[in-house]
Amino acid sequence: MDTGRAAKSARTVVISGVPDGVLKDDVMSDILVIHFQKSKNNGGDVEDIIYPTREKGVAYVTFEDQEVVESVLKKNEHRLEDKRLSRYYPLKVTPYFTNVFSSVTSVLNMSVFKDQYVLEDLIQELKKKNTALSFGPLQSNGHISVQGSFPAIKMLRDCLLLKAKSLSEDKNEERKSRQRQKKQQQQCRLTTDTNNFVLHAEREKQVVVLDTDIYLYMKNVLPKKLLANTDVVISDITDGDITTLYLQKTRSRPNAAQVLAFKEEIERQSLKLHNTLCKERIYLEEYTREEKQKYKLMCETLKSHYPSVLVIPYATHIDVIGNSSEVFEFTREVNKEVQSLFQHR
């Protein structure tokens, strides 16, 4: 069953920009099938179509042959045209499981291991164990750039955090031996091993590694209560595409279980967003300073109509993050409005 599902997903594309409410759903489905079966659209035999879906303006089309998917994706522009439509509608076609958050870059600080390892040897070991990741050159300050899927980078960072923690504990082993012995004697008088673990964990920070864009979406779009836990102090360190959160209780006698539950909720939300969000980039390099400013102002103006879309302006581009249909509509409207301003200058 799993093999069949994987095969079908590889033959499926996501269609965004389907005109909603213009025609009956079954009629729109027929028009979409006809469009993606035409050779002029690089199409082929359609096995299945799902429309409507939970996302407005989004459909899923599954082809009988996986090669058709590659062909359809290569077409620069898909225009949905039919005599039953009053005009044509541009469509955006993407692979079913393609996710803009699947490739991120992180800079790791390996200098913390220089007293215990030859860094070059450690890097070679990491490369062998993490073949899906691409490692840049090791810098003189111990920093190294790593690129790959977010889950793979997260796993690597979690592993290095544990290794660094273990080294720190080993380094203090001799100095703390007497204190540990005394602590162990005290712990033996406690009623259960579980209590021992909780008391130790209460003094530890919880660490969550997130994609930076997903963290910003959580922080700025999701209900504020998610990251506004008054019992937990959140400190964040952003390193390019990766943001690390450190969670710690505010009270003098923290409840480790509450901090752990908060961490797990953030991770659940992150996984959900990782599987549902997409990102569109509006490139601004070719525009003048005045034109760039118009793009940014137009994004701000239209933002109120798209409360579930996050807009992040940069000097050379604007990132638009949200579900596929809203991102598609937002960027199309921004481009349309700005181009109209340019024409009336």
Side-chain angles (χ1 to χ4, degrees), residues 2-3 6 10 95 97-177 179-180 184 196-197 200-201 203-216 218 234-248 256 259-260 262-264 266-275 279:
D2 290 340
T3 302
F97 277 129
T98 293
N99 193 304
V100 295
F101 302 105
S102 60
S103 181
V104 296
T105 300
S106 178
V107 178
L108 304 178
N109 182 6
M110 306 298 293
S111 62
V112 294
F113 301 106
K114 65 181 180 180
D115 293 335
Q116 288 79 22
Y117 296 94
V118 176
L119 292 187
E120 289 78 6
D121 294 342
L122 179 58
I123 297 300
Q124 289 303 317
E125 179 186 342
L126 293 176
K127 287 181 178 180
K128 291 179 182 179
K129 292 182 178 179
N130 301 271
T131 55
L133 296 176
S134 175
F135 291 78
L138 180 64
Q139 304 297 320
S140 58
N141 60 358
H143 291 190
I144 186 169
S145 176
V146 184
Q147 186 175 33
S149 72
F150 173 74
I153 286 184
K154 180 182 184 301
M155 186 177 298
L156 174 62
R157 289 175 68 98
D158 288 346
C159 177
L160 291 175
L161 283 170
L162 287 174
K163 186 183 287 289
K165 180 181 177 182
S166 176
L167 288 176
S168 177
E169 291 175 350
D170 291 342
K171 194 173 182 180
N172 296 327
E173 185 72 21
E174 184 176 352
R175 182 174 62 86
K176 293 186 175 181
S177 60
Q179 290 90 331
R180 276 205 316 277
Q184 288 172 356
N196 296 344
F197 170 77
H200 178 71
R203 289 184 287 273
E204 299 292 338
K205 287 183 179 180
Q206 293 290 347
V207 179
V208 186
V209 180
L210 301 173
D211 178 287
T212 297
D213 285 332
I214 287 180
Y215 170 59
L216 292 174
M218 281 184 174
I234 305 175
S235 56
D236 60 82
I237 298 178
T238 296
D239 175 22
D241 294 332
I242 300 292
T243 293
T244 304
L245 302 186
Y246 297 91
L247 314 177
Q248 194 170 28
V259 180
L260 182 59
F262 185 48
K263 171 192 174 183
E264 291 174 346
I266 291 176
E267 289 178 331
R268 279 194 293 270
Q269 288 288 348
S270 171
L271 180 60
K272 180 180 178 181
L273 294 174
H274 192 274
N275 292 329
K279 176 169 67 177

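Atom set for the values below is all heavy atoms of this structure, side chains included, hydrogens, waters and symmetry mates excluded.
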Donor-acceptor pair, distance only, cut-off 3.5 Å: does the side chain of [X] make one with the backbone of [Y]?
X: Ser111; Y: Gly142; result: no
X: Asn130; Y: Leu133; result: no
X: Ser145; Y: Val107; result: no

Quick one: [atom1] on [X] to [atom2] on [Y], what's the gap to the nearest 0.5 Å?
X: Met155; Y: Lys129; atom1: CE; atom2: NZ; value: 13.0 Å
X: Leu122; Y: Lys163; atom1: CG; atom2: NZ; value: 6.5 Å
X: Ile144; Y: Glu120; atom1: CD1; atom2: CD; value: 9.5 Å
X: Glu264; Y: Gln269; atom1: CD; atom2: CD; value: 13.5 Å
X: Arg268; Y: Lys263; atom1: CZ; atom2: NZ; value: 12.0 Å
X: Leu273; Y: Asp213; atom1: CG; atom2: CG; value: 11.5 Å

Run the side-chain contact (heavy atoms from CB on, under 4.5 Å) check on Leu260 and Leu247 step by step: do they pass? CA-CA 9 Å; Leu260 182 59; Leu247 314 177; over 6 Å; no
Go through it in stages, so that I can follow the logic: the residues are Leu119 and Leu138, the test is side-chain contact (heavy atoms from CB on, under 4.5 Å), and I'd like the CA-CA distance, side-chain angles, deciding distance and then a yes or no. CA-CA 8 Å; Leu119 292 187; Leu138 180 64; 3.8 Å; yes
Taking atom types as modelled, find out whether Thr238 and Thr212 have a side-chain donor-acceptor pair closer than 3.5 angstrom. no
Derivation of the side-chain hydrogen bond (donor to acceptor under 3.5 Å, both in side chains) call for Asp236 and Tyr215: CA-CA 10 Å; Asp236 60 82; Tyr215 170 59; 3.1 Å; yes
[X] vs [Y] side-chain heavy atoms within contact, under 4.5 Å:
X: Leu156; Y: Val146; value: yes
X: Gln124; Y: Phe135; value: no
X: Leu108; Y: Leu160; value: yes
X: Arg157; Y: Ile242; value: yes

Is it the case that atom NZ in Lys127 sees more than 12 heavy atoms from other parts of the structure closer than 6.0 Å? yes
When you look at Ile234 and Tyr246, which way does the side-chain contact (heavy atoms from CB on, under 4.5 Å) test go after all the steps? CA-CA 6 Å; Ile234 305 175; Tyr246 297 91; over 6 Å; no
Does the pair Met218 and Leu210 meet the rule for a side-chain contact (heavy atoms from CB on, under 4.5 Å), with working shown? CA-CA 10 Å; Met218 281 184 174; Leu210 301 173; 4.3 Å; yes
